[in-house]
Amino acid sequence: PPPHSHSDWIGPPDKHSNLRPVIFYVPPEESALERRLREARQENQACNQRFWARHNRAFRQEKEEFIYSRLKAKGLEMRDETGQKATLNAEEMADFYKDFLSKNFRKHMQYNRDWYKRNFTITFLMGQVALARALRWLRWKKKIVEH
(Lines give C-alpha, C1' and ligand atoms only; values in the text may rest on other atoms or scores of the structure.)
Protein backbone atom coordinates (compact mmCIF):
# COMPACT_ATOMS: atom_id res chain seq x y z
CA PRO A 1 0.00 0.00 0.00
CA PRO A 2 1.14 3.57 -0.53
CA PRO A 3 2.63 5.35 2.50
CA HIS A 4 -0.32 7.77 2.77
CA SER A 5 -2.89 4.96 3.13
CA HIS A 6 -4.80 4.80 6.42
CA SER A 7 -6.68 1.54 5.92
CA ASP A 8 -6.16 -2.18 5.48
CA TRP A 9 -5.39 -3.41 1.96
CA ILE A 10 -6.94 -6.57 0.58
CA GLY A 11 -5.17 -8.49 -2.18
CA PRO A 12 -6.30 -10.94 -4.83
CA PRO A 13 -7.21 -14.50 -3.76
CA ASP A 14 -4.28 -16.76 -2.90
CA LYS A 15 -3.93 -19.58 -5.45
CA HIS A 16 -3.66 -22.25 -2.74
CA SER A 17 -6.15 -21.17 -0.08
CA ASN A 18 -8.49 -19.01 -2.20
CA LEU A 19 -8.41 -16.49 0.67
CA ARG A 20 -7.72 -12.83 0.02
CA PRO A 21 -4.64 -11.71 1.97
CA VAL A 22 -4.88 -8.56 4.07
CA ILE A 23 -2.10 -6.09 4.68
CA PHE A 24 -3.07 -4.45 7.95
CA TYR A 25 -2.70 -0.72 8.47
CA VAL A 26 -0.43 0.13 11.39
CA PRO A 27 -1.21 3.60 12.78
CA PRO A 28 1.86 5.64 13.73
CA GLU A 29 0.75 5.94 17.37
CA GLU A 30 -0.75 2.47 17.75
CA SER A 31 -1.55 1.68 21.38
CA ALA A 32 -0.60 -1.62 23.00
CA LEU A 33 -4.26 -2.68 22.91
CA GLU A 34 -4.61 -1.74 19.23
CA ARG A 35 -1.42 -3.70 18.50
CA ARG A 36 -2.85 -6.76 20.30
CA LEU A 37 -5.99 -6.50 18.16
CA ARG A 38 -4.01 -6.17 14.91
CA GLU A 39 -1.75 -9.08 15.86
CA ALA A 40 -4.78 -11.24 16.74
CA ARG A 41 -6.29 -10.43 13.34
CA GLN A 42 -2.98 -11.25 11.62
CA GLU A 43 -2.68 -14.55 13.48
CA ASN A 44 -6.27 -15.40 12.56
CA GLN A 45 -5.50 -14.67 8.91
CA ALA A 46 -2.37 -16.84 9.06
CA CYS A 47 -4.28 -19.74 10.69
CA ASN A 48 -7.02 -19.53 8.06
CA GLN A 49 -4.42 -19.39 5.29
CA ARG A 50 -2.60 -22.49 6.60
CA PHE A 51 -5.78 -24.51 7.10
CA TRP A 52 -7.37 -23.75 3.73
CA ALA A 53 -4.14 -24.13 1.76
CA ARG A 54 -3.61 -27.60 3.31
CA HIS A 55 -7.27 -28.52 2.92
CA ASN A 56 -7.47 -27.43 -0.72
CA ARG A 57 -4.20 -29.19 -1.59
CA ALA A 58 -5.51 -32.45 -0.06
CA PHE A 59 -8.86 -31.96 -1.79
CA ARG A 60 -7.28 -31.51 -5.23
CA GLN A 61 -4.93 -34.46 -4.79
CA GLU A 62 -7.61 -36.82 -3.51
CA LYS A 63 -10.01 -35.68 -6.23
CA GLU A 64 -7.44 -36.45 -8.94
CA GLU A 65 -6.75 -39.86 -7.39
CA PHE A 66 -10.47 -40.59 -7.20
CA ILE A 67 -11.04 -39.61 -10.83
CA TYR A 68 -8.01 -41.64 -11.95
CA SER A 69 -9.17 -44.75 -10.06
CA ARG A 70 -12.74 -44.51 -11.38
CA LEU A 71 -11.57 -43.95 -14.96
CA LYS A 72 -9.09 -46.83 -14.67
CA ALA A 73 -11.86 -49.10 -13.35
CA LYS A 74 -13.86 -48.23 -16.48
CA GLY A 75 -10.83 -48.95 -18.67
CA LEU A 76 -10.45 -45.27 -19.62
CA GLU A 77 -7.44 -42.97 -19.64
CA MET A 78 -7.13 -39.55 -17.99
CA ARG A 79 -7.41 -37.93 -21.45
CA ASP A 80 -9.74 -38.94 -24.23
CA GLU A 81 -8.75 -39.43 -27.86
CA THR A 82 -8.97 -35.67 -28.57
CA GLY A 83 -6.62 -34.86 -25.69
CA GLN A 84 -9.40 -33.47 -23.48
CA LYS A 85 -9.24 -34.31 -19.80
CA ALA A 86 -11.75 -37.06 -19.04
CA THR A 87 -14.39 -36.32 -16.42
CA LEU A 88 -16.86 -38.21 -14.31
CA ASN A 89 -20.59 -37.52 -14.07
CA ALA A 90 -22.16 -35.58 -11.20
CA GLU A 91 -23.33 -38.69 -9.34
CA GLU A 92 -19.83 -40.18 -9.34
CA MET A 93 -18.32 -36.91 -8.13
CA ALA A 94 -20.99 -36.66 -5.43
CA ASP A 95 -19.59 -39.91 -4.01
CA PHE A 96 -16.16 -38.31 -3.78
CA TYR A 97 -17.45 -35.09 -2.17
CA LYS A 98 -19.48 -37.03 0.40
CA ASP A 99 -16.53 -39.27 1.29
CA PHE A 100 -14.10 -36.35 1.46
CA LEU A 101 -16.37 -34.34 3.77
CA SER A 102 -17.03 -37.37 5.98
CA LYS A 103 -13.33 -38.19 6.21
CA ASN A 104 -12.45 -34.58 7.12
CA PHE A 105 -15.40 -33.92 9.46
CA ARG A 106 -13.28 -33.85 12.64
CA LYS A 107 -10.73 -31.48 11.05
CA HIS A 108 -13.54 -29.12 10.06
CA MET A 109 -15.11 -29.26 13.51
CA GLN A 110 -11.75 -28.48 15.14
CA TYR A 111 -11.14 -25.65 12.65
CA ASN A 112 -14.60 -24.21 13.39
CA ARG A 113 -14.04 -24.36 17.16
CA ASP A 114 -10.65 -22.65 16.82
CA TRP A 115 -12.09 -20.09 14.39
CA TYR A 116 -14.88 -19.17 16.84
CA LYS A 117 -12.38 -18.83 19.71
CA ARG A 118 -10.10 -16.58 17.67
CA ASN A 119 -13.00 -14.47 16.44
CA PHE A 120 -14.47 -14.12 19.93
CA THR A 121 -11.07 -12.85 21.10
CA ILE A 122 -10.92 -10.42 18.17
CA THR A 123 -14.45 -9.17 18.87
CA PHE A 124 -13.63 -8.71 22.56
CA LEU A 125 -10.46 -6.77 21.68
CA MET A 126 -12.41 -4.65 19.19
CA GLY A 127 -14.83 -3.72 21.98
CA GLN A 128 -11.94 -2.78 24.25
CA VAL A 129 -10.31 -0.68 21.52
CA ALA A 130 -13.61 1.08 20.75
CA LEU A 131 -14.11 1.85 24.45
CA ALA A 132 -10.52 3.12 24.84
CA ARG A 133 -10.93 5.36 21.78
CA ALA A 134 -14.25 6.71 23.06
CA LEU A 135 -12.70 7.50 26.46
CA ARG A 136 -9.70 9.12 24.79
CA TRP A 137 -12.06 11.25 22.64
CA LEU A 138 -14.12 12.28 25.69
CA ARG A 139 -10.96 13.29 27.59
CA TRP A 140 -9.82 15.30 24.56
CA LYS A 141 -13.24 17.03 24.34
CA LYS A 142 -13.17 17.78 28.08
CA LYS A 143 -9.66 19.23 27.76
CA ILE A 144 -10.81 21.53 24.90
CA VAL A 145 -13.87 22.73 26.89
CA GLU A 146 -11.69 23.48 29.94
CA HIS A 147 -9.35 25.64 27.89
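Residue numbers count from 1 along this sequence.
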Hey, what do you get for NZ (K103) to NZ (K98), rounding to the nearest 0.5 Å?
13.0 Å

List, by chain and number, the other hydrophobic cluster members for L101, where Ile, Leu, Val, Met, Phe, Trp and Tyr join if side-chain heavy atoms come within less than 4.5 Å, directly or indirectly.
none

Under 3.5 Å donor-acceptor pairs involving side-chain atoms of residues 118-127, not counting sequence neighbours:
residue : atom : partner : partner atom : Å
R118    : NE   : N44     : OD1          : 2.6
R118    : NH2  : N44     : OD1          : 3.3
R118    : NH2  : N48     : OD1          : 3.2
N119    : ND2  : W115    : O            : 2.9
T121    : OG1  : K117    : O            : 3.1
T123    : OG1  : N119    : O            : 2.8

What pairs meet the ring-ring contact (aromatic ring centres under 6.0 Å, His included) rule with one or both residues in residues 70-93, with sequence neighbours excluded?
none

Considering residues, nucleotides and ligands other than R113, do more than 12 of their heavy atoms fall under 6.0 Å from its CZ?
yes

For atom CD of Q128, decide whether the heavy atoms of other residues, nucleotides or ligands shown that lie under 6.0 angstrom number more than 12.
yes

Closest contact, heavy atoms only, W9 versus S5
NE1-OG, 2.6 Å

If every non-hydrogen atom of M78 is compared with every non-hydrogen atom of L71, which pair is closest and at what distance?
SD-CD1, 3.8 Å

Passes side chain to side chain contact (heavy atoms under 4.5 Å, CB included), R57 versus R54? Steps please.
CA-CA 5 Å; R57 189 171 23 259; R54 254 192 324 262; 4.1 Å; yes

Among R50, Q45, Q49, the one residue meeting side-chain contact (heavy atoms from CB on, under 4.5 Å) with C47:
R50

Partners meeting ring-ring contact (aromatic ring centres under 6.0 Å, His included) with F100 (sequence neighbours left out):
H55, F59, F96

Does either side chain, that of Q42 or that of R38, offer a donor lying less than 3.5 Å from an acceptor on the other one?
yes

Between the CG atom in L33 and the CZ atom in R35, the distance rounded to the nearest 0.5 Å is 10.0 Å

E92 with K74: basic N within carboxylate O range, under 4.0 Å
yes

Can you measure from OH (Y68) to CG (L88) and round to the nearest 0.5 angstrom?
13.5 Å

Does W52 reach the side chain of H16, with side-chain heavy atoms less than 4.5 Å apart?
no

Show which residues join L135 in its hydrophobic cluster (side-chain heavy-atom contacts under 4.5 Å, direct or indirect), or state none.
L131

Could you tell me whether the side chain of M93 reaches within less than 4.5 Å of the side chain of T87, counting heavy atoms only?
no

Under 3.5 Å, side chain of D14 to main-chain N/O of S17, donor-acceptor pair present?
yes

Salt bridge check: are E64 and K85 linked by an N-O gap of less than 4.0 Å?
yes

R70 atom CZ, over 12 foreign heavy atoms within 6.0 Å
yes

Got a list of side-chain donor-acceptor pairs under 3.5 Å for residues 18-26, not counting sequence neighbours?
residue : atom : partner : partner atom : Å
R20     : NE   : G11     : O            : 3.3
Y25     : OH   : H6      : ND1          : 2.9

So W137 and R133, do their side chains get closer than 4.5 Å, heavy atoms only?
no

